[in-house]
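Whatever order the structure lists ligands and atoms in, that order sets their numbers, starting from 1.
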Amino acid sequence: MPQNLLDFDLQGLTAWFAELGEKPFRAKQVFRWIHQSGVADFGQMTDIAKSLREKLAGAVETRAPAIKLAHASIDGTRKWLFDVGVGNGIETVFIPEDDRGTLCVSSQVGCALECTFCSTGRQGFNRNLSVAEIVGQLWVAQHSLRAAPNRTTGAVDPRPVSNVVMMGMGEPLANFENVVTALDVMLDDHAYGLSRRRVTVSTSGIVPAMDRLAERCPVALAVSLHAPNDALRDQIVPINKKYPLAELMAACRRYLAHAPRDFITFEYVLLAGVNDTPALARELVECVRDVPCKFNLIPFNPFPASGYDKPRSDAQRAFRQILQDAGFVVTTRKTRGDDIDAACGQLAGRVADKSGRVLKRIHKEAA
Ligand code: SAH
Ligand code: SF4
């Protein structure tokens, strides 16, 4: 099997080149060709010595997951469905806005954590994505978006992806090493050069891995809270039984000592009649009292046989108002890309769902 160069961060590529007797600057050159220029073919890497090209020929490849489907919405939202093995698909979504372009990236096929309202969780765990499969989502998005000029202005944006959110399929902190290596590539100035503040890991709250992330690669952190007390959170986010709220809040405080931003984003999926009452909103204010934070409210995205309903708009408003009155900054995810069935946060549903129905919402991430 040829070595897939998308599996390396710069450190890894440099070490691998050293084994071949090649100097670090050669690794840097190749890394820049791949990630900055989107070039996979050594023939096109014009400043690479012929002797190196010959050495690598046949021994390496630059292989992103195969694209099964690519869609573009009239509002500019883009979606890719990637093939990652027989019967498996993962999705990546690009959401353009005036001042940024956000890519929602998947980290696993399925998820073992089984949050009850999440179609990825309902599907069960299949496998971790490799570094190449995670980085490959960004590689494909960045370079194919760059190739397509802006439809209204005709301009070509050299770096259309300015933000990454690890909010696609899977729990990123349960695929820790591969995710951290992929984050290294995203942040590297010789690759995508994304700011730490513009790369967000979203976790359901795997406490020890939050501490490891703070040490290894502190990027912006979003924590999927969804309930303000252990009794309710145990039911809908089962990992809470292992890492209950008091531990989670303490981990958030520890994380902030390393974080590139001075707040945690708490995500809160509003499930009608389950966690969207005014009393729970008031309890939520108390729950996060000691953690500098913002809230991102996500109206539940229904999927077949989920057993949950979308929150009523008056319930959403009342919930939001209580948080705002307590002094919190609150955003509510808006829907985007309806015409291409783009969604984020529960993307696997459409892949797993044999009924042919699709989930029709996408969030606008307020980074
Ligand atoms: N595993 C990580 C990241 C992926 S999910 C996590 O749980 O944080 C990204 C976000 O989408 C999470 O906040 C998740 O709770 C939310 N989500 C999952 N299913 C959803 C649904 N059906 N409707 C709305 N949001 C959902
Ligand atoms: Fe996994 Fe996140 Fe879905 Fe929970 S919400 S099952 S952690 S992907």
Considering only heavy atoms, does [X] approach ligand 1 within less than 4.0 Å through its side chain, its backbone, both, or neither?
X    : answer
T120 : neither
V269 : side chain
E171 : both

Which of the numbered atoms in ligand 1 are under 4.0 angstrom from any heavy atom belonging to [X]?
X    : result
C118 : 18 (C), 19 (N)
F300 : 21 (C), 22 (N), 23 (N)
S204 : 6 (C), 7 (O), 8 (O)
E267 : 10 (C), 12 (C), 13 (O)
G170 : 1 (N), 2 (C), 3 (C), 4 (C)

Consider ligand 1: state whether an atom of it lies below 4.0 angstrom from any non-hydrogen atom of [X].
X    : result
G168 : yes
P302 : no
H226 : yes

Kindly confirm or rule out an N or O of F117 lying under 3.5 angstrom from an N or O of ligand 1.
->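 Yes; at least one N/O pair falls below 3.5 Å.
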For the residue pair H143 and W139, categorise the inter-ring angle as parallel (less than 30°), tilted (30 to 60°) or perpendicular (more than 60°).
->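 The rings of H143 and W139 stand perpendicular, inter-plane angle above 60°.
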Using the benzene-type ring in the case of Trp, are the ring centres of H226 and F266 under 6.0 Å apart?
->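 No.
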Check: F8 ring centre within less than 6.0 Å of F31 ring centre =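 No, they do not, as the ring centres are separated by 6.0 Å or more.
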Within one Ile-Leu-Val-Met-Phe-Trp-Tyr cluster: F42 and W16, side-chain cutoff 4.5 Å =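 Linked within one cluster.
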Mind checking whether atom 1 (Fe) of ligand 2 has an N, O or S of C115 under 2.8 Å?
->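 Checking atom 1 (Fe) of ligand 2 against C115, no N, O or S atom falls under 2.8 Å.
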Which segment of E114 sits under 4.0 Å of ligand 2 when only heavy atoms are counted |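 Backbone only.
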Determine the minimum heavy-atom distance between [X] and [Y], stating which atoms define it.
X    : Y    : value
K310 : F300 : CG-O, 3.2 Å
V288 : C293 : CG2-SG, 3.9 Å
M1   : R63  : CE-NH2, 4.2 Å

Within the 4.0 Å heavy-atom shell around [X], which atoms of ligand 2 are there?
X    : result
G170 : 8 (S)
L113 : 7 (S)
G121 : 6 (S)
S204 : 7 (S)

Whether the side chain of [X] engages the backbone of [Y] through a donor-acceptor N/O pair (distance < 3.5 Å, no angle test) should be reported.
X    : Y    : result
S106 : E91  : yes
S144 : V140 : yes
R122 : T116 : yes

C111 backbone or side-chain N/O/S under 2.8 Å from atom 3 (Fe) of ligand 2 =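 C111 does not place any N, O or S atom closer than 2.8 Å to atom 3 (Fe) of ligand 2.
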Stacked cation flag R159 on Y192, 6.0 angstrom / 45 deg =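 No; the conditions do not both hold, so R159 does not lie above the ring face of Y192.
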Does a side-chain N-to-carboxylate-O contact under 4.0 Å join K50 and E54?
->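 A salt bridge links K50 with E54.
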Option whose closest heavy atom lies nearest to atom 12 (C) of ligand 1, chosen from S106, P299, S306, S224 =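 Ranked by closest heavy atom to atom 12 (C) of ligand 1, first place is S224.
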Closest by any non-hydrogen atom to atom 5 (S) of ligand 2: pick that one out of S224, S107, G168, C118.
->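 Ranked by closest heavy atom to atom 5 (S) of ligand 2, first place is C118.
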Does atom CZ of R53 have more than 12 heavy-atom neighbours from other groups under 6.0 Å away?
->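 Yes - once you tally the heavy atoms of other residues, nucleotides and ligands closer than 6.0 Å, there are more than 12.
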